[in-house]
Amino acid sequence: MTTDTEEPTLTVDELAASAGVTVRTVRFYSSKGLLPPPVIGPRRVGHYSQEHLARLALIEELQRQGMTLAAIERHLQQLPADLSAQDLALHRAVVASWAPDAAEDVTREELERRAGRPLGEEDLERLVAMNIIERAEGASGTAHSSGSPAAPDSSGSPAAPDTFRVDPALLALGVQLLDVPLAHESILAARGVLLEHSRAAARELSALLREAVGEHESVAAVKSLSAHMQPLVVQALLTTFQRSLKAELREWLKES
């Protein structure tokens, strides 16, 4: 795994697996100029960085939004050239927030493909606890490795294969949280804090919106204003939170 200060170390196969796409998809995006070329190492092997991975995730998110390749190319050209992997991940988070809820039922094998890594039972339970995924009705309660036959139940009949309901926009975030060096309880507590305060902010902003629109405006006018305001509000919240968190961390480091 690389960081912004490390040399690129991902091969094209590792990049594709980490992003949950095929090598063919990576090469296709590269041929269209959407992904920068890799760093060529010994034996003419290309190596990719975390910036490539974050950019690939952003491209996939823009495609889920229904953008054409030409529109994605224009979008990427407008971004600063020196964005880090973290900057690209934040930008993707803003883009993903515009999409409507789109939960899908997927098999264990498909879930692992999209996650870009194998998922053990502990990983699955953590994703369930974070509300990133949920087991679909009729799925077996204990996960088994991909490709393995489902274990028979007490009646001797094969158990239903593992099926999970997942929101693709949240899966990448959940998978990243699996590797965060924090106790599971701390992650859940942080999620609770974010939910509490984000809902409070949403209620207050909604009240301001109703006041601004007035009681006699049409439903169409309200929807139009909401559609215009949502991406602006999301970006403002994200930017404000990021700056506030940096300020808090600076104060914490001064005291320690």
Over all atoms of both residues, closest heavy-atom pair of [X] and [Y]:
{"X": "L111", "Y": "V106", "value": "CB-CG2, 4.0 Å"}
{"X": "P118", "Y": "D123", "value": "O-OD2, 4.1 Å"}
{"X": "L35", "Y": "S30", "value": "CB-OG, 3.8 Å"}
{"X": "A54", "Y": "A85", "value": "CB-O, 3.6 Å"}
{"X": "T9", "Y": "H47", "value": "O-CD2, 3.7 Å"}
{"X": "A19", "Y": "L56", "value": "CB-CD2, 3.3 Å"}

Consider only side-chain heavy atoms of I, L, V, M, F, W and Y, link residues closer than 4.5 Å, and tell whether [X] and [Y] are in one cluster.
{"X": "V45", "Y": "V39", "result": "no"}
{"X": "V180", "Y": "L171", "result": "yes"}
{"X": "V193", "Y": "M130", "result": "no"}
{"X": "I187", "Y": "V128", "result": "yes"}

Rounded distance [0.5 Å steps], [atom1] in [X] versus [atom2] in [Y]:
{"X": "E104", "Y": "I133", "atom1": "CD", "atom2": "CD1", "result": "13.5 Å"}
{"X": "L124", "Y": "L178", "atom1": "CG", "atom2": "CG", "result": "9.0 Å"}
{"X": "L245", "Y": "T240", "atom1": "CG", "atom2": "OG1", "result": "12.5 Å"}
{"X": "R126", "Y": "L119", "atom1": "CZ", "atom2": "CG", "result": "12.0 Å"}
{"X": "L15", "Y": "H52", "atom1": "CG", "atom2": "NE2", "result": "7.5 Å"}
{"X": "E134", "Y": "D105", "atom1": "CD", "atom2": "CG", "result": "8.5 Å"}

| message | Using side-chain contact (heavy atoms from CB on, under 4.5 Å), reason through Y48 and L53 one step at a time and then give a plain yes or no. | response | CA-CA 8 Å; Y48 298 81; L53 180 57; over 6 Å; no

| Salt bridge flag under 4.0 Å for residues E51 and R55 | no

| query | Salt-bridged, E14 to R117, with N to O below 4.0 Å? | reply |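 Looking at E14 and R117, the cut-off is not met.
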
| message | Within a 6.0 Å radius of atom CD on Q63, are there more than 12 heavy atoms belonging to other residues, nucleotides or ligands? | response | yes

| request: Please test L127 against F164 for side-chain contact (heavy atoms from CB on, under 4.5 Å), starting from the C-alpha separation and ending with a verdict. | output: CA-CA 11 Å; L127 292 173; F164 301 89; over 6 Å; no

| task | Please examine the side chains of L79 and L58, heavy atoms only from C-beta on, and report whether any two atoms are closer than 4.5 Å. | result |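 Sidechains of L79 and L58: in contact.
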
| said: Quick one, F28 with V21, criterion side-chain contact (heavy atoms from CB on, under 4.5 Å). Give me CA distance, side-chain angles, the key distance, then yes/no. | reply: CA-CA 11 Å; F28 176 73; V21 300; over 6 Å; no

| request: Check side chain to side chain contact (heavy atoms under 4.5 Å, CB included) between A17 and all other residues, then give those that pass, not counting sequence neighbours. | output: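 Testing A17 for side chain to side chain contact (heavy atoms under 4.5 Å, CB included), a comparison that skips the adjacent residues, returns none.
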
| field | Evaluation steps, salt bridge (Lys or Arg N to Asp or Glu O under 4.0 Å), between E112 and R108 | value | CA-CA 6 Å; E112 291 184 336; R108 168 78 173 273; 3.2 Å; yes

| What's the verdict on side-chain contact (heavy atoms from CB on, under 4.5 Å) for L76 and I59, showing C-alpha distance, side-chain angles and the deciding distance? | CA-CA 9 Å; L76 295 176; I59 293 169; 4.0 Å; yes

| Between T107 and E109, is any side-chain donor less than 3.5 angstrom from a side-chain acceptor? |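 Side-chain D/A pair, T107 to E109: absent.
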
